[in-house]
Amino acid sequence: MTGAPARLLAWLVVLSTFLTACTPAVDVNGTAAAQSSAAASAPPIAGDVATHAPATVATLPPAPAPPPAPAPPPPVPQAFALNLYQEGDFVPQYTFDWCVAASIQMAHNLIDDTGGASWAAPAQQSELWEMARARSSNSFNGANPRGWAQVLTEVGMGPYSVVSVATYEDTLQTAARAIAETGRPVGLVMWSGRHAWVMSGFESMGDPAQFPEFQITGIRVLDPLYPHGSGQWGPSPEPNSLLTPEQLATQFVVREPRRWSTDLPAGYLLVLPVAA
C-alpha cells in the first residue's frame, strides 16, 4: 500500500506539467496595445459623444456686383441727302399764269416712279389751272395755295395742306422732314405769295428720321418759269438745282398777308404733304 501514494503523487506532477505546457502565455503590454489600436480604428457607436472640436468654415463676403456697362455715345449727325428728282420730271409753265398747274404736274412726276407717262401736256396744264383757280378765292382771280393743295389731294397725290411757319430755319426743317416721311415733294410759295416752286429734295447734316434738330445745307428746287426768271426776284435756277439756304432766301420770303384772304398767320408758306 505504501507504493500507491507515491505513484499518485508522480502522476499529479506529470498532469500539472502537461496543463502548464498547453496554456498560452499572456503578454499584458501587447494585449493593451492591441486593444488600444482596435478602439482607435473602430467606427463610432451611435450615441457616443464626439471628443474633438468641429471644423470652422470661413464665410467669405459676397463678390461685388460688376459695374454697369457704359452708355453708348449719342449718335453724331452725318451728311444726309434725299432727292426725288429723275430726268424728265421737270415741266415748264406754258403761260406766265400757270405756275401752280405746272407745279402740280411736276409733283405727279416726282411721286410716280412706276415708269408711266409723265404729266407734261399743255392741255392738261390748262385743265389743272382751272381746277386750282375754281378752288381758290382771292382778289386776283388766280390760283392760291389752298387751291393748289386741294387739287393735289383730289387727283390722288395727297393729302396736302397749307401751313405757315414763322421762322426760315424751321420752315426748311419742316419741308425736309415732310419729304423724308412721305416721299412726296413740297410746294414753296415764292416771291411773297406771287409764284410757285417745287422742293424735290434736300441735303442736311443729320437724318430727319434720327434727329429732331438737323441743319439744312442744300435745297433741291424746280422753278416752272425756267429759264425766264424775274427782273425783281432774280433768275430761275436750272431744274434740279441745289441751292444753299442763303440762295433760296433771296426769293423765298414771308408771304404778304394782303396777297390772299386767309386765317393763317404771316410766315413762310408751304404746300405740305401730310402722312396718310
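Just so you know, these numbers come straight off a predicted model, no measurement behind them.
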Looking only at heavy atoms, the pair that brings Leu152 and Ala107 closest together is CD2-CB, 3.8 Å
Checklist entry - Do Pro185 and Met199 have side-chain heavy atoms sitting under 4.5 Å apart? => result no
query: Would you find a donor on one side and an acceptor on the other, under 3.5 Å apart, between the side chain of Arg194 and the backbone of Trp191?
result: yes
Residue pairs meeting side chain to side chain donor-acceptor pair (under 3.5 Å), one or both in residues 221-232, sequence neighbours left out, come to His195-Asp223, Trp197-Asp223, Asp223-Ser236
**Asked** Side-chain heavy atoms under 4.5 angstrom apart, residues restricted to Ile, Leu, Val, Met, Phe, Trp, Tyr: same cluster for Val271 and Ile111?
**Response** yes
If you define the side chain from C-beta out and look only at heavy atoms, does anything of Leu82 sit under 4.5 Å from Phe202?
yes
Checklist entry - Going by distance alone, is a donor N or O of one side chain under 3.5 Å from an acceptor N or O of the other, for Asn240 and Asn83? => result yes
Using the side-chain contact (heavy atoms from CB on, under 4.5 Å) rule, take Thr174 and Leu272 through it: C-alpha gap first, then chi angles, then the decisive distance, then the call.
-> CA-CA 9 Å; Thr174 299; Leu272 198 70; 3.9 Å; yes
* Asked: Less than 4.5 Å apart, any side-chain heavy atom of Leu270 and any of Thr171?
  -> yes
By salt bridge (charged side-chain N to carboxylate O under 4.0 Å, His left out), Glu238 pairs with (sequence neighbours left out) none
Sorted by chain and residue number, the side-chain contact (heavy atoms from CB on, under 4.5 Å) partners of Asp207 (sequence neighbours excluded) come out as Phe80, Ala209, Gln210
Looking only at heavy atoms, the pair that brings Gly147 and Ser136 closest together is CA-OG, 3.3 Å
Taken in chain and number order and not counting sequence neighbours, the residues that satisfy ring-ring contact (aromatic ring centres under 6.0 Å, His included) with Phe252 are Tyr268
Those residues at least two apart in sequence (or on a different chain) that pass salt bridge (charged side-chain N to carboxylate O under 4.0 Å, His left out) with Arg184 are none
Rounded to the nearest 0.5 Å, the CZ atom of Arg220 sits from the CG atom of Leu110 at a distance of 12.5 Å
Inset, instruction - Just do the side-chain contact (heavy atoms from CB on, under 4.5 Å) check on Asn109 and Gln86 with the steps written out, would you? - result: CA-CA 9 Å; Asn109 298 341; Gln86 297 184 39; over 6 Å; no
The side-chain contact (heavy atoms from CB on, under 4.5 Å) partners of Thr95 (sequence neighbours excluded) come to Asp97, Trp98
What one should report as the nearest heavy-atom pair of Met106 and Phe90 is SD-CD1, 3.6 Å
When every non-hydrogen atom of Ala121 is compared with those of Tyr94, the smallest separation belongs to C-CE1, 4.0 Å
Open item on the list: For a 4.5 angstrom cut-off between non-hydrogen side-chain atoms, does Pro273 reach Val186?
Closed with: yes
side-chain contact (heavy atoms from CB on, under 4.5 Å) with Ser192: of Val253, Val254, Leu269, only one passes, and it is Val253
Gln78 meets the side-chain contact (heavy atoms from CB on, under 4.5 Å) criterion, sequence neighbours left out, with Val76
Checklist entry - Considering only heavy atoms from C-beta outward, does the side chain of Glu213 approach that of Gln173 to under 4.5 Å? => result yes
One should read off an interatomic distance between Phe214 CZ and Leu172 CG, to the nearest 0.5 angstrom, of 9.0 Å
**Message:** Starting from Met157, can I reach Leu128 by hopping between I/L/V/M/F/W/Y residues whose side chains sit under 4.5 Å apart?
**Reply:** yes
Hits for side-chain hydrogen bond (donor to acceptor under 3.5 Å, both in side chains) against Ser126, two or more places apart or cross-chain, chain-then-number order -> none
For Gly201 and Ile179, the nearest pair of non-hydrogen atoms, with its separation, is N-CD1, 4.1 Å
If two hydrophobic side chains count as joined below 4.5 Å and joins carry through other members, does Tyr168 share a cluster with Val221?
-> yes
### Task
Tell me whether Leu243 is reachable from Leu225 by hopping between hydrophobic residues (I, L, V, M, F, W, Y) whose side-chain heavy atoms are closer than 4.5 Å.
yes
Dump the intermediate steps for side-chain contact (heavy atoms from CB on, under 4.5 Å) on Leu248 and Met190, then the final yes or no. CA-CA 10 Å; Leu248 180 64; Met190 306 295 293; 4.0 Å; yes
Under a 4.5 Å cut-off applied to non-hydrogen side-chain atoms, are Met131 and Val155 in contact? yes
Minimal heavy-atom distance between Pro245 and Ile216, with the atoms involved, is CG-O, 3.5 Å
For Gln105, the side-chain hydrogen bond (donor to acceptor under 3.5 Å, both in side chains) test, sequence neighbours excluded, returns Gln124, Gln125
Sorted by chain and residue number, the side-chain hydrogen bond (donor to acceptor under 3.5 Å, both in side chains) partners of Arg177 (sequence neighbours excluded) come out as none
Those residues at least two apart in sequence (or on a different chain) that pass side-chain contact (heavy atoms from CB on, under 4.5 Å) with Ala196 are Cys99, Val100, Ser103, Trp148
Rounded to the nearest 0.5 Å, the OG atom of Ser204 sits from the CD atom of Gln215 at a distance of 9.0 Å
Checklist line | Side-chain heavy-atom pair Leu264, Val162 within 4.5 angstrom cut-off | finding: yes
For Glu203, the side-chain hydrogen bond (donor to acceptor under 3.5 Å, both in side chains) test, sequence neighbours excluded, returns none
- Does the side-chain contact (heavy atoms from CB on, under 4.5 Å) test come out yes or no for Ile219 and Leu242, once each step is laid out? CA-CA 5 Å; Ile219 303 97; Leu242 181 67; 5.7 Å; no
With the side chain counted from C-beta on, respond yes when Trp129 and Ile104 share a heavy-atom pair under 4.5 Å apart, and no when they do not.
no
